[in-house]
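Throughout, a chain's letter reflects where its sequence line sits, starting with A, and its residues are numbered from 1. Bear in mind that the values here come from a model prediction, so they are computed numbers and not experimental data.
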Number of protein chains: 2
Amino acid sequence: MTKPQAGKRLTLKDVAEKAQVSPMTVSRVVNGYEGVRADVRDKVHAAITELGYIPNRSASVLASSKSKLIGVLIPSLSNVVFNDVLRGIYDIAIPANYQVLLFNTHYSPIEEERAIRTLLGQSPEGLIITGGGQTYAARAMLEASGVPVVQIMGKVDDPIDINVGFSHFDAGAAVTQSLVAKSYAKIGFIGARMDTRACDRLAGFEYALSAVNGLDKKRVITTPQPSSVSMGASLFRELMANTEGDCDAVFCCNDDLALGVLHECKKMHINVPEKFGVCGFNDIEMAAYAEPALSSVSVNRYSMGSKAMNIIFQKINQQDDKVLALPDYIDTGFELVMRKSTR
Amino acid sequence: MTKPQAGKRLTLKDVAEKAQVSPMTVSRVVNGYEGVRADVRDKVHAAITELGYIPNRSASVLASSKSKLIGVLIPSLSNVVFNDVLRGIYDIAIPANYQVLLFNTHYSPIEEERAIRTLLGQSPEGLIITGGGQTYAARAMLEASGVPVVQIMGKVDDPIDINVGFSHFDAGAAVTQSLVAKSYAKIGFIGARMDTRACDRLAGFEYALSAVNGLDKKRVITTPQPSSVSMGASLFRELMANTEGDCDAVFCCNDDLALGVLHECKKMHINVPEKFGVCGFNDIEMAAYAEPALSSVSVNRYSMGSKAMNIIFQKINQQDDKVLALPDYIDTGFELVMRKSTR
DNA sequence: CTGTTAGCGCCTTCAC
DNA sequence: GTGAAGGCGCTAACAG
């Protein structure tokens, strides 16, 4: 094997010379076109491996305007929730020979807009973004680009293109109704990092409680700061202080917070679930292993990612003429998983 | 604002015509060159925003061979550990206007090799890969490419270029010695998804126990399957069955497993830490909130990512002539955090 | 400070 | 089934 030279990059032409064919033929082989005679193909392949040739994607994208690139925007990498979504995306994209360019928007529409701009500069064939609430400019760019866009995680009011997710409002309401049905009467809400989806959950909570005349704003404790187990503990202390202990259950915006609440209850010798009910959201693996096991809401994170990716592929591959109507909203649903932390 | 046409992409020339300057001038403005007269710059900027022009990166990369792209290869997205590392990487790369292309190798050197090949096709300016153990071909490509490569997570024997991480062997040995010092005498090991780093931890464990004549292979339980809380529980049952209960502590390869062990101990009414000591690895947030609080090993994940990224930048920016020696190994260290799950 | 020329490496198109 | 010409959109290098 000839040692490749660092610094001088090999091109189609180098391979072509080595294999005694034209660059065009090499290009065909590289891209797996059928119509190349077998012996020529083998000769080219041999040259490629011998030289260690790696095609230049920029040149290829520029010339063909096919990038095989999917852009993904998520608001946080540290949130476990997005990992599963990402796995769903990668598991579909990579085997299909697509690449994923991932941006973290840090829950900021401004950063999101910046990311969209850079992303669009790469001629992506599809974009997956989180929820609604994009800036006006971002939305305009997206619409002008003609690139398929999927908004994931939550149901959004006025989707840009396609929407895959579930109604956080409904989920919040369902949890609350279930708590009411278990005869908890003074239900609180704890939320951190209140993004639109968290707000929707809260709205569902308030809606459900209002319906039974059980809403007391003193029992709603939120913070814009990031979510964590320790934040859950401290918000719980705040809740108890605010209400002077007049509270018999809490719906936590996610499981980390709920785990913190559980821990704090133990420290304060509050009997869960008899005297106090706790319900989380997301149903992370730890929920089932908490003590007592945490009630939560299971959402199909992986499937949100994979379905988003799949519908993008459908849209990419559909012939422009036969516009068979693709759905513009896919509901991935949710499920209450009531365990030992609620009656 | 003129509505941009979907489908027909704007180019430098379009902007140039609109602004009545040459494409080159537009290029300079887009790239923020100083030497453009203020009024011209403003005129160009106006044209850019009015048209909604977004530069074509493929063309730019092709022409300039500067990609502002960093490739990152990690073995798993679902493992929390890599999230923190990724955050460290993104937090340095993005503000510096670099993009990150992320690949998941699924712990497979073959997938890793494939990813490296595609990555190298994008002319990345730096690569961050996980640990050692690359295929021969992968290593050859990497070396031939001349691109700065950082191997992160663990200390590797024969680094390709730069290595950022810590010695998992030393960490494993340290944990074990600490357990011995706390007079645990029959110490077991539980590990899932035994990658090279997990194996190094195990080797450290075996080394430390051999030194005090305490190693019994029956107490080493591992599986190639993925790690999880429930896997920890089931490996623990296996450990107890294998040794007929003749075991008084366990070093778990990570915290998820350890949490599963803790849960199982509670179910089996095994007194932790008196009768049985449990130590995890990684010190994830939940560790401190477990019951009893989990002893673990804290490693600087975020810092592994950020330091890897920083040293790549140093290498990119260093003048080729004054080759001020950059370190080829950066030790990010580790720290035992002994809590209530060990005596 | 601004414009011109040439070409990055590949693919589309059209010959043969 | 294979090759030749031309251009994708941008920027390096030079000219003015």
Give a yes/no on whether any side-chain N or O of A/Y53 is located under 4.0 angstrom from OP1 or OP2 of C/dC10. yes
Measure from CZ on B/R57 to P on D/dC10 and round the result to the nearest Å. 13 Å
Is it true that the side chains of A/Q134 and A/R139 contain a donor and an acceptor less than 3.5 Å apart? no
I need the NZ-P distance between A/K68 and C/dC11, as an integer number of Å. 12 Å
For atom CG of A/L10 and atom P of C/dC8, their distance in whole Å: 14 Å
Can you check the A/L62 CG to C/dT12 P distance for me, whole Å? 12 Å
Count the heavy atoms belonging to other residues, nucleotides or ligands that lie under 6.0 Å from CG of A/D157, then report whether that count exceeds 12. no
May I ask you to check whether A/D328 and A/N163 show a side-chain donor-acceptor distance below 3.5 Å? no
Counting only heavy atoms not in A/Y33 (residues, nucleotides, ligands), do more than 12 fall under 6.0 Å from its OH? no
From the set C/dG9, D/dG3, D/dG9, return the single nucleotide nearest to any side-chain atom of A/V21. D/dG3
Selection: residues 25-40 of chain B, any non-hydrogen atom under 4.0 Å of DNA chain C: B/T25, B/R28, B/G35, B/V36, B/R37, B/V40
Check whether any side-chain N or O of B/K66 sits under 4.0 Å from OP1 or OP2 of D/dC10, and answer yes or no. no
Would you sort out whether A/L119 and A/F103 count as a side chain to side chain contact (heavy atoms under 4.5 Å, CB included), showing the intermediate values? CA-CA 9 Å; A/L119 218 27; A/F103 283 81; 3.6 Å; yes
Apply salt bridge (Lys or Arg N to Asp or Glu O under 4.0 Å) to residues B/K18 and B/E50 and explain how you reach the verdict. CA-CA 9 Å; B/K18 182 97 189 172; B/E50 186 168 347; 3.4 Å; yes
Can a side chain N or O of B/S64 be found less than 4.0 Å away from OP1 or OP2 on D/dC10? no
Is there a donor-acceptor pair closer than 3.5 Å between any side-chain N or O of A/N300 and the backbone N or O of A/T332? yes
Degree of bending in the helix from C/dC1-D/dG16 to C/dC16-D/dG1 once both end axes are built from five pairs, to 10°: 30°
Nearest to the side chain of B/S22 - D/dT11, C/dT4, C/dC8? C/dT4
For B/Q151 and B/G131, indicate whether the former's side chain and the latter's backbone hold a donor-acceptor pair under 3.5 Å. yes
Whether A/D84 side chain and A/Y302 backbone form a donor-acceptor pair below 3.5 Å: no
Donor-acceptor contact below 3.5 Å, side chain A/S65 vs main chain A/V61: no
Determine the contact category for A/P23: base if any of its heavy atoms lies under 4.0 Å from a base atom, sugar-phosphate if only primed atoms, P, OP1 or OP2 are that close, otherwise nothing. nothing
Separation of C/dT4 atom P from B/L12 atom CG, nearest Å, is 14 Å
Rounded distance (Å) that lies between atom P of D/dT2 and atom CZ of A/R41: 10 Å
Could you check how far CG of B/N56 sits from P of C/dC10, rounded to whole Å? 16 Å
How many Å lie between NZ on B/K13 and C1' on C/dT5, as a whole number? 14 Å
Name the residue closer to the 5' end of DNA chain D, choosing between B/M24 and B/S58 according to the nucleotide with the nearest heavy atom. B/S58
